[in-house]
Chemist: 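Quick one: this structure, given as structure tokens, is what I'll be asking you about.
All of these numbers come straight from a predicted model, not from anything done at the bench. Atoms within each ligand, like the ligands themselves, are counted from 1 in listed order.
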Amino acid sequence: MTLKLHTIGEEMSKFSEWFHNILEEAEIIDTRYPIKGMHVWLPQGFQIRKNTLNILKSILDEDHEEVLFPLLIPEDELAKEAIHVKGFEEEVYWVTHGGLTPLGKKLALRPTSETAMYPMFALWVRSHQDLPMRFYQAVNTFRYETKHTRPLIRVREITTFKEAHTVHATSPEAEEQVERAIEIYSSFFDQLGIPYVVTRRPEWDKFPGADYTMAFDTLLPDGKTLQIGTVHNLGQTFARTFQITYETEEGQHEYVYQSCYGLSDRISASLIGVHGDESGLSLPPEVAPFQVVVVPIIFKKGAEEVLEFCEDLKNRLKSAGIRVHLDDRDLRAGKKFYEWEMRGVPLRIEIGPRDLKEGKIVFKRRNGAKEFLEYQENAVVEKVKGELKLITLNLKAQAWKNLQDNIREVSTIDEAKATIETKGGIVSFCWCGDEDCGKDLEELFHVDILGAQEEVLDGICIKCGQPIKYRALLARTY
Ligand code: A5A
Ligand code: MG
Ligand code: ZN
């Protein structure tokens with residue numbers, strides 16, 4: 001691969017090529033499965049997926065309960081919430097037969113699980129003492145996407161949908177949960193070194209049925225943003241539709257307030273896209289299938305000694321909980337280096353007979369230079385752990401810098417247009433918040449308004465010249 005990433009503009013068309021190549025070369029997923037938008041997770045990809053999921057679960061498990069709902073939703077339940085079903089009707093897959101028998105009631109493959117869960121919530125919620133409730137599940141969901149599908153980015157089977165659903169007695173509590181969910185996702189993305197901007201989606205782009213939607217977007221190397229997570233305040237809309245009520249201390253029956261938030265396979269896409277480079281993947285140690293690879297540099301003389309040493313080192317690291325692999329295949333070292341770099345292994349340790357004699361080993365970070373280290377049996381585990389921590393910090397800092405360097409403030413439409421067309425990335429601008437202005441801007445130069453970032457009072461809307469309400473962000477998006 002000769003692609004230079006992180007250069008927005010002339011390389012724009014090449015990211016997608018790089019992305020497809022790396023999915024195949026690094027054995028992340030196989031895209032040849034004969035259904036559009038559905039793919040096979042391969043062992044390397046599956047490990048990344050599993051490690052990523054475990055990080056999220058350990059955060060959610062602190063104050064959410066994991067549940068598992070059926071995949072199928074009866075047609076009448078899905079249809080109950082009018083706005084919600086309108087938003088999804090073109091994307092639903094239907095099961096119409098059981099064997100040869102037509103079903104009396106069609107069954108939908110969940111596109112998301114509100115209408116599967118909330119009829120049950122209506123049974124579960126009784127009194128104010130039951131609240132709040134916080135559930136999550138990690139499942140596959142199906143969306144018959146009509147936009148161009150892309151592996152991990154826009155799929156028709158979302159294989160790793162992490163959806164949380166919460167129930168509250170009051171509106172402020174639901175709002176607080178939205179804030180809390182933003183913190184949860186921020187800390188999750190921080191652990192993966194994925195940088196993000198958080199905005200309040202415009203009215204015309206919010207989740208169908210939500211009062212409002214907060215969204216996380218990251219920036220891919222071609223200058224387009226990717227929505228990587230959303231947090232919705234559902235207010236009482238679904239509570240009214242599904243009759244989810246609770247009894248107050250005073251014995252009144254009140255509708256609950258709800259929130260939900262979700263992440264998808266796009267987490268894996270952004271891990272790959274945000275950190276990758278011309279040599280391939282570059283994975284944060286937190287999720288890398290192998291965090292360390294030990295490569296013996298073997299010549300005929302001293303081979304046995306070197307191998308023994310490597311084996312000992314591997315066992316030492318392994319028993320300290322480090323995911324380590326000893327690559328003792330009979331191959332040229334250069335070929336091994338290339339392979340493990342392409343797969344994004346954060347740290348490589350090389351050991352040859354001469355180093356061994358001098359009591360040294362070589363550390364090579366995926367994104368750094370070679371380093372010779374005095375080998376100390378009792379200190380090597382701590383040294384490796386420290387090194388892995390630094391690697392995460394470096395990846396994160398580099399990725400955040402790249403995002404921040406590509407957010408540009410503009411004060412006119414012409415400036416916004418020129419910035420998007422020549423540099424890509426995210427444009428920060430003043431917006432009155434009006435839907436007409438917003439949609440005009442989106443059409444003028446084929447962008448999406450990500451949403452308002454903060455309320456501000458000084459300045460004028462770049463479209464209509466009226467006093468503004470918001471500083472907002474726009475970008476070309478996936
Ligand atoms: N029930 C709520 C949480 C929900 O479904 N929200 S959502 O529709 O916004 O989806 C959650 C996240 O899934 C989105 O933020 C987006 O990052 C991701 N997503 C949506 N459609 C996708 C698709 N076809 N392929 C991959 N990811 C998708
Ligand atoms: Mg749009
Ligand atoms: Zn305006």
Chemist: Between the side chains of R154 and E145, is the shortest nitrogen-to-carboxylate-oxygen separation below 4.0 Å, so that they form an ion pair?
Modeler: yes
Chemist: Would you please say whether a donor-acceptor pair under 3.5 Å links the side chains of T477 and D448?
Modeler: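 Short answer, yes.
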Chemist: Mind jotting down which protein residues get a heavy-atom contact under 4.0 Å with ligand 1? Chain and number order, please.
Modeler: T112, E114, R143, E145, I153, R154, V155, I158, F161, F207, Q227, I228, G229, T230, H232, C260, Y261, G262, S264, R266
Chemist: So, are D222 and K14 salt-bridged, with charged N and O less than 4.0 Å apart?
Modeler: no
Chemist: Look at R126 together with D130 and state whether they make a salt bridge at an N to O cut-off of under 4.0 Å.
Modeler: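 Salt bridge flag = no for D130 with R126.
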Chemist: Decide whether T146 and E90 meet the rule of one side-chain donor and one side-chain acceptor closer than 3.5 Å.
Modeler: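 Not at all, the side chains of T146 and E90 share no donor-acceptor pair under 3.5 Å.
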Chemist: Under a 3.5 Å cutoff, is there a donor and acceptor pairing between the side chains of T170 and E173?
Modeler: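 Their side chains do contain a donor-acceptor pair, which is all the 3.5 Å distance test asks for.
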Chemist: Could you list the residues that satisfy side chain to side chain contact (heavy atoms under 4.5 Å, CB included) with T248, not counting sequence neighbours?
Modeler: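 Once residues adjacent in sequence are excluded, the partners of T248 under the side chain to side chain contact (heavy atoms under 4.5 Å, CB included) criterion are Y246, E250, Q252, E254.
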Chemist: Quick one: name the protein N/O/S atoms under 2.8 Å from the Zn ion (ligand 3), chain by chain.
Modeler: C432 SG, C437 SG, C461 SG, C464 SG
Chemist: Would you say the side-chain atoms of T160 and D265 include a donor-acceptor pair closer than 3.5 Å?
Modeler: yes
Chemist: Suppose the criterion is side chain to side chain donor-acceptor pair (under 3.5 Å): which pairs have a residue in residues 188-198, not counting sequence neighbours?
Modeler: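 Residue pairs passing side chain to side chain donor-acceptor pair (under 3.5 Å), neighbours aside: D190-Y196.
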